[in-house]
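Report on one structure; see the data block that follows.
No hydrogens, no waters, no symmetry mates; every other heavy atom, side chains included, goes into these values.
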Amino acid sequence: MKPFSVSIRAVVLSLVLASAAASAYAADEAVASKPIDPQRYLGRWYEVARVPNSFQKNCEAATSDWSKKSDGQYDVVQTCHAGSPSGPAQIWRGAGRVLDEATAKIRIGFFGGFIKQDYVVVDRGDDYSWCILSTAKPKFVWIMSRRPVLDGTQKSNLVARARQLGLNLSGLVYDKQPPG
């Protein structure tokens with residue numbers, strides 16, 4: 001009888017560990033709190049803050065402009081100013097598409113699609129005045145707004161919301177934007 005009870009314990013332990021591993025894996029995926037409407041996502045987004053990444057080193061006054069192309073995809077123009085909001089502009093052009101409206105997943109391809117990155121609009125204002133965007137594996141996070149400058153309370157609320165969603169905001173950098 002003793003070997004049988006050890007076997008059941010081993011099976012139960014294996015199931016518990018497998019379940020925990022599956023849960024940990026799911027936590028490594030960015031999850032949207034609500035769907036997106038691609039038409040309402042169009043237009044200019046101002047970067048309020050970001051988790052540092054190599055492409056945006058020394059970047060200020062970053063924007064992301066979305067417009068719809070005739071083939072159903074989206075032109076995405078990302079602009080960054082080196083060193084200050086009046087610094088020289090660095091521009092990246094990409095082709096975006098919505099992978100899934102319900103899960104708010106989008107993909108942007110840069111350099112003719114040679115480099116592709118999946119993103120999730122983790123949360124957004126019901127009026128599309130702000131959004132929290134992350135890479136699908138939430139290593140990088142951006143807090144975006146339709147307005148170039150937010151007051152301290154608005155920024156704090158968006159940072160708190162991102163943290164509430166479980167996003168790692170280590171080293172968060174706040175953009176300097178020219179007054180709107």
Test applied, ring pair (Phe, Tyr, Trp, His ring centres under 6.0 Å); reference residue, Tyr119; option that passes from Tyr41, Phe140, Trp142: Trp142

Step through the shown structure and confirm whether more than 12 heavy atoms of other residues, nucleotides or ligands are within 6.0 Å of NZ on Lys139. no

Asp28 backbone acceptor or donor facing Lys137 side chain under 3.5 Å: no

Heavy-atom nearest pair, Thr135 first then Ala30, reads O-CB, 3.6 Å

How about Val77 and Ile91: do any of their side-chain heavy atoms sit closer than 4.5 Å? yes

Reported CH2-to-CD1 distance for the pair Trp66 and Ile108, which is rounded to 0.5 angstrom: 4.0 Å

If you count the non-hydrogen atoms of other residues, nucleotides and ligands that lie under 6.0 Å from NZ in Lys69, is the total more than 12? yes

Using modelled atom types only, decide if a donor and an acceptor are shared between the side chain of Gln78 and the backbone of Ala62 within a distance under 3.5 Å. no

Distance, nearest 0.5 Å, that separates CZ of Arg107 from CD of Gln73: 10.5 Å

Would a 4.5 Å heavy-atom cut-off, applied to side chains only, mark Glu29 and Val120 as touching? no

Hey, does Tyr46 have a side-chain heavy atom less than 4.5 Å from the side chain of Asp175? no

With clusters defined by side-chain heavy atoms of hydrophobic residues (ILVMFWY) lying less than 4.5 Å apart, directly or transitively, does Val149 cluster with Trp130? no

Could you measure the distance from the CD atom of Gln154 to the CZ atom of Arg147? Nearest 0.5 Å is fine. 4.5 Å

Treating Ile, Leu, Val, Met, Phe, Trp and Tyr as nodes and any side-chain heavy-atom pair under 4.5 angstrom as an edge, say whether Tyr128 and Val98 lie in one connected cluster. yes

So how far is it from Ile106 CD1 to Asp100 CG, rounded to the nearest 0.5 Å? 12.0 Å

Measuring only between side-chain heavy atoms, which start at C-beta, is Ile132 closer than 4.5 Å to Val141? yes

Correct closest heavy-atom pair for Leu172 and Pro52 would be N-CD, 4.4 Å

Identify the heavy atoms of Val51 and Leu169 that sit nearest to each other, and give their distance. CG2-CA, 3.9 Å

Closest non-hydrogen atom pair between Cys131 and Val121, with its separation: CB-CG1, 4.0 Å

For a 4.5 angstrom cut-off between non-hydrogen side-chain atoms, does Val76 reach Trp92? no

Looking at Arg93 and Asp75, is any side-chain nitrogen of the basic one under 4.0 Å from a carboxylate oxygen of the acidic one? no

When every non-hydrogen atom of Pro85 is compared with those of Lys176, the smallest separation belongs to CG-O, 3.4 Å

Taking the side chain as everything from C-beta on, heavy atoms only, tell me whether Asn168 gets closer than 4.5 Å to Pro138. no

Distance, nearest 0.5 Å, that separates NE2 of His81 from OG1 of Thr63: 6.0 Å

Heavy-atom side-chain contact between Leu99 and Arg97 under 4.5 Å: yes

Asp123 backbone acceptor or donor facing Arg161 side chain under 3.5 Å: no

Verify, without hydrogens or angle tests, whether Arg124 (side chain) and Ser33 (backbone) share a donor-acceptor contact under 3.5 angstrom. no

Under 4.5 Å between side-chain heavy atoms, counting indirect links through other Ile/Leu/Val/Met/Phe/Trp/Tyr residues: same cluster for Phe110 and Tyr74 or not? yes

What closest approach, in Å, do Val48 and Ser145 show between heavy atoms, and which atom pair accounts for it? CG2-CB, 3.7 Å

Cation over ring face, Arg146 and Trp45, 6.0 Å, 45°: yes

Is there a side-chain contact between Tyr174 and Val159 in this structure, where contact means two heavy atoms from C-beta onward sitting under 4.5 Å apart? yes

State the CZ-CE distance between Arg44 and Met144, to the nearest 0.5 angstrom. 10.0 Å

